[in-house]
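Remember, it's a predicted structure, so these values are computed and weren't measured experimentally. One-based numbering along the sequence shown.
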Amino acid sequence: MSDASFQLLLPYLENTHNHTLWIADENVLHSGQAVTPHEDLDVITNRYDVYRQCLKQSLQTRFSDYDLSYLPDNSVDTVVYRVSKEKPVVHHIINEAFRTLKAGGNLVISGEKSDGTKSYIEKAGKLFGQKIPARKSGNSYLGVILKTSRNDVPQRLDDKEYPRIREIHTSLETPTLSKPGLFGWDKEDQGSRLLMDTASHYFQNHTPPQSILDLGCGYGYLTLRSASWPQVKYRCATDNNAAAIACATENFNRAQMAVVVIADDCASGINEKFDCILCNPPFHQGFSVDSSLTDKFLRNSSERLSSQGIALFVVNQFIGLEKKAKGYFSRVETLTRDQQFKVIALTR
C-alpha cells in the first residue's frame, strides 16, 4: 500500500545535482519503489528489508541504526525524511539533519497528522531558527525547513541519547542492554516472559530442542532466557532492525552465549532447519489490515522448522493467529493464556 505522506517527498528525491540524503524506514517499504536512483542520492535505513529493496533498485544505500557519524558537518544539501513511529528516533534524525546540512540546505519532512508531524515540523523550525508553517495535504503534513548560518548554538531536541545502548531492568541474571527505537526497549515484555515461562515448562515434559531460532529477536530476550536449556547446541537470532542486531549481539557477548546473529527479513535468507522457533511477532492492532505480514511469519516459520520441531508464538488475545496458522501447520494448539496474551504451539 502506497504511503500518502511519502508521495509528498518524491519531488525532493529527484536528481537536482544536490547531495541528497534520504532517511528511509518501514513506511517506505512499498512507496520507495518509485524512487529513481542517481549519483547525488544516498540512502540510510535501519530496516533490512528496505535495505535489500534499495539495493535491487541500484540505490546507494547503508544499513545502520541511523548512524550518520560518517557524514561531516555541513556536508549535505538536502535531507528527506518521512517521520518514524518513535519520538526519540525522529528527534535524533532532526538533530543530525541540522548538523550535517550545509547553510542554505533543507530538511524536508512529512508524515500523517496522527504521527505528530505538525509538532515535529514546529520543533525542527525552532532548532533551525525558522518559523515554518506545515503544509497540509489530506491527513498528511509537509515541512521544508531551511538551514541558515547561525552564530548561536541551538538546544538539540531531546532524543533520549538515541545512539547510546544502555542497561535496562529485567529479571535476567546478566545485565541487559537495549536502546530507544526497539519494541518494548526499556522493559521485560510481558508477552515474551509468558512465552519463555511456557516454553520452559513445555520442554520439561517433551523432548528438549537442540537448535533454536529466535525470529524477530529484538534485544535478545528470548534467546537469553534459553541459556538455562542445557540440551541446546545451536542458537540463531535474527531481526529486521539494525538496533536490534546491535543490542542482541552485545547482550549475547555479555552473557558469553554462542549465538549466530543475522540481519534478515523474517529469516528469508536462513536455510537451516530448527527444532524450536521462538517468536513474539510485531502484530499489533492493525495486524488484520496487513495480513501479508502474518502470512510471512507463519510461512517462513513452517519452512524453517524441522519435521519434529515446534514453533512457539506469543500474540495478543485479540489476534486470530490460529485460523491462519492452520494453512501452514498440521497442529495448532493454545498452550496457555493470561488476561492479555496467549502462547500458541505450531507443529508440522
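- Within the 3.5 Å criterion, the main-chain N or O of S268 finds no donor-acceptor partner in the side chain of D265.
- Salt bridge status for D3 with R82: present, with a side-chain N to carboxylate O gap under 4.0 Å.
- Other residues, nucleotides and ligands contribute only 12 or fewer heavy atoms inside 6.0 Å of the NZ atom of K160.
- Put simply, the side chain of R99 gets close to the backbone of L68: a donor and an acceptor are under 3.5 Å apart.
- Across all non-hydrogen atoms, the minimal contact from Y221 to E188 is OH-OE2, 2.6 Å.
- In this structure, the side chain of S84 does not engage the main chain of E86 through any donor-acceptor pair within 3.5 Å.
- Taking a cutoff of 4.0 Å between a charged side-chain nitrogen and a carboxylate oxygen, D65 and K179 qualify as a salt bridge.
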| said: F98 vs K147, test: side chain to side chain contact (heavy atoms under 4.5 Å, CB included). Steps then yes/no. | reply: CA-CA 7 Å; F98 181 79; K147 180 179 178 181; 4.2 Å; yes
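- Going from atom CD1 of I344 over to atom CD of E333 covers 10.5 Å, rounded to the nearest 0.5 Å.
- Looking at R254 and E167, a side-chain N of the basic residue comes within less than 4.0 Å of a carboxylate O on the acidic one, giving a salt bridge.
- Cluster membership check: V144 does not share its hydrophobic cluster with I121, using side-chain heavy-atom separations under 4.5 Å among Ile, Leu, Val, Met, Phe, Trp and Tyr.
- When the side chains of ILVMFWY residues are joined at heavy-atom separations under 4.5 Å, either directly or via intervening members, L107 and Y141 end up in a single hydrophobic cluster.
- The main-chain N or O of H19 is found under 3.5 Å from a side-chain atom of D77 such that the two form a donor-acceptor pair.
- Across G32 and Q57, no two heavy atoms sit closer than the pair O-NE2, 3.1 Å.
- For the atom pair Y234 OH and Q210 CD, the distance stands at 14.0 Å (nearest 0.5 Å).
- Rounded to the nearest 0.5 Å, atoms CH2 (W22) and CG (D42) are 12.0 Å apart.
- The backbone N or O of T100 lies less than 3.5 Å from no partner atom in the side chain of D73, so there is not a single donor-acceptor pair.
- The closest side-chain heavy-atom distance from V79 to N106 is not below 4.5 Å.
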| said: Under the criterion side chain to side chain contact (heavy atoms under 4.5 Å, CB included), I'd like the reasoning laid out for L172 against T174: C-alpha separation, chi angles, the key distance, then a yes or no. | reply: CA-CA 6 Å; L172 297 168; T174 305; 5.6 Å; no
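- Enclosure of atom NZ in K113 is not indicated, since only 12 or fewer non-hydrogen atoms of other residues, nucleotides or ligands lie within 6.0 angstrom.
- In this structure a side-chain-to-backbone donor-acceptor pair under 3.5 Å is present from R304 to A267.
- Hydrophobic clustering keeps F252 apart from I165 (ILVMFWY residues linked when any side-chain heavy atoms are closer than 4.5 Å, directly or through intermediates).
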| task | Decide side chain to side chain donor-acceptor pair (under 3.5 Å) for N251 and T176; before the verdict, give the C-alpha distance in whole Å, the side-chain angles of both, and the deciding distance to 0.1 Å. | result | CA-CA 6 Å; N251 280 324; T176 309; 5.1 Å; no
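- Residues A103 and S149 share a closest heavy-atom pair of CB-OG, 3.5 Å.
- One N or O on the side chain of R166 and one on the backbone of R164 form a donor-acceptor pair closer than 3.5 Å.
- Between D40 and N15 the shortest side-chain heavy-atom distance falls below 4.5 Å.
- The residues E26 and K85 are annotated as salt-bridged, a charged nitrogen and a carboxylate oxygen being separated by less than 4.0 angstrom.
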| message | If you apply the rule side chain to side chain contact (heavy atoms under 4.5 Å, CB included), what do you find for I168 with K187, and how did you get there? | response | CA-CA 7 Å; I168 60 170; K187 64 181 184 293; over 6 Å; no
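- The aromatic ring centroids of F203 and W229 lie less than 6.0 Å from each other.
- Interatomic distance, K118 NZ to K123 NZ, rounded to the nearest 0.5 Å: 14.0 Å.
- When all heavy atoms are compared, the tightest approach of V232 to P209 is CG2-O, 3.5 Å.
- Within 6.0 Å of the NZ atom in K233, the count of heavy atoms belonging to other residues, nucleotides or ligands does not exceed 12.
- Judged by distance alone, with hydrogens and angles left aside, the side-chain atoms of Q60 form a donor-acceptor pair with the main-chain N or O of L41 at under 3.5 Å.
- Annotation: the span from Q33 atom CD to L59 atom CG amounts to 11.0 Å, rounded to 0.5 Å.
- A side-chain contact (heavy atoms from CB on, under 4.5 Å) with Y219 is found for one member of L177, L182, I245, T249 and no other, namely L182.
- Note on ring orientation: taking the six-membered ring where Trp is involved, the planes of Y51 and Y48 are tilted (angle from 30° to 60°).
- Looking at I94 and I109, their side chains come closer than 4.5 Å, going by heavy atoms from C-beta outward.
- Identified under the side-chain hydrogen bond (donor to acceptor under 3.5 Å, both in side chains) test for residues 237-246, with sequence neighbours left out: D49-N240.
- Between K131 and E122 there is no salt bridge, since no side-chain N of the basic residue sits under 4.0 Å from a carboxylate O of the acidic one.
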| task | Any chance you could lay out the salt bridge (charged side-chain N to carboxylate O under 4.0 Å, His left out) test for E322 and K342, step after step, and finish with the verdict? | result | CA-CA 11 Å; E322 298 90 333; K342 56 187 174 182; 3.1 Å; yes
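- Under the 4.5 Å side-chain heavy-atom criterion for Ile, Leu, Val, Met, Phe, Trp and Tyr, L305 and V332 are members of the same hydrophobic cluster.
- Side-chain atoms of D25 never come within 3.5 Å of backbone atoms of R47 as a donor-acceptor pair (strictly under, hydrogens ignored).
- When side chains are defined from C-beta on, F128 does not count as touching L146, because their heavy atoms never get closer than 4.5 Å.
- Residue E39 qualifies as open at atom CD: its count of foreign heavy atoms under 6.0 Å is 12 or below.
- Between H38 and H17, the closest side-chain pair of non-hydrogen atoms is not below 4.5 Å.
- When all heavy atoms of D275 and S211 are compared, the pair lying nearest together is N-OG, 2.9 Å.
- You'll find the side chain of Q7 reaches within 4.5 Å of the side chain of S31, heavy atoms only.
- Interatomic distance, CG of D214 versus SG of C276, reported as 9.5 Å (0.5 Å rounding).
- With respect to K87 and D158, no salt bridge is recorded, no charged nitrogen being found less than 4.0 Å from a carboxylate O.
- Connection of L10 to V80 is established within a shared hydrophobic cluster, with ILVMFWY side chains joined at heavy-atom distances below 4.5 Å, either directly or through further cluster members.
- Here the side chain of H206 pairs a donor or acceptor atom with the backbone of Y202 at under 3.5 angstrom.
- In plain terms, the two heavy atoms of S226 and T223 that are nearest each other are OG-O, 2.6 Å.
- For the pair N95/D159, a side-chain contact is recorded, criterion being any heavy-atom separation below 4.5 Å from C-beta on.
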| request: Could you check S64 against D67 for side chain to side chain donor-acceptor pair (under 3.5 Å), going step by step and ending with a plain yes or no? | output: CA-CA 6 Å; S64 81; D67 179 6; 5.5 Å; no
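- By the 4.5 Å heavy-atom criterion applied to side chains, L278 and I212 are counted as neighbours.
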| query | Would C236 and F274 satisfy side chain to side chain contact (heavy atoms under 4.5 Å, CB included), going step by step from the backbone distance to the final call? | reply | CA-CA 9 Å; C236 180; F274 297 86; 3.8 Å; yes
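- Partner of F297 under the side-chain contact (heavy atoms from CB on, under 4.5 Å) criterion, out of L293, T294, D295: L293 alone.
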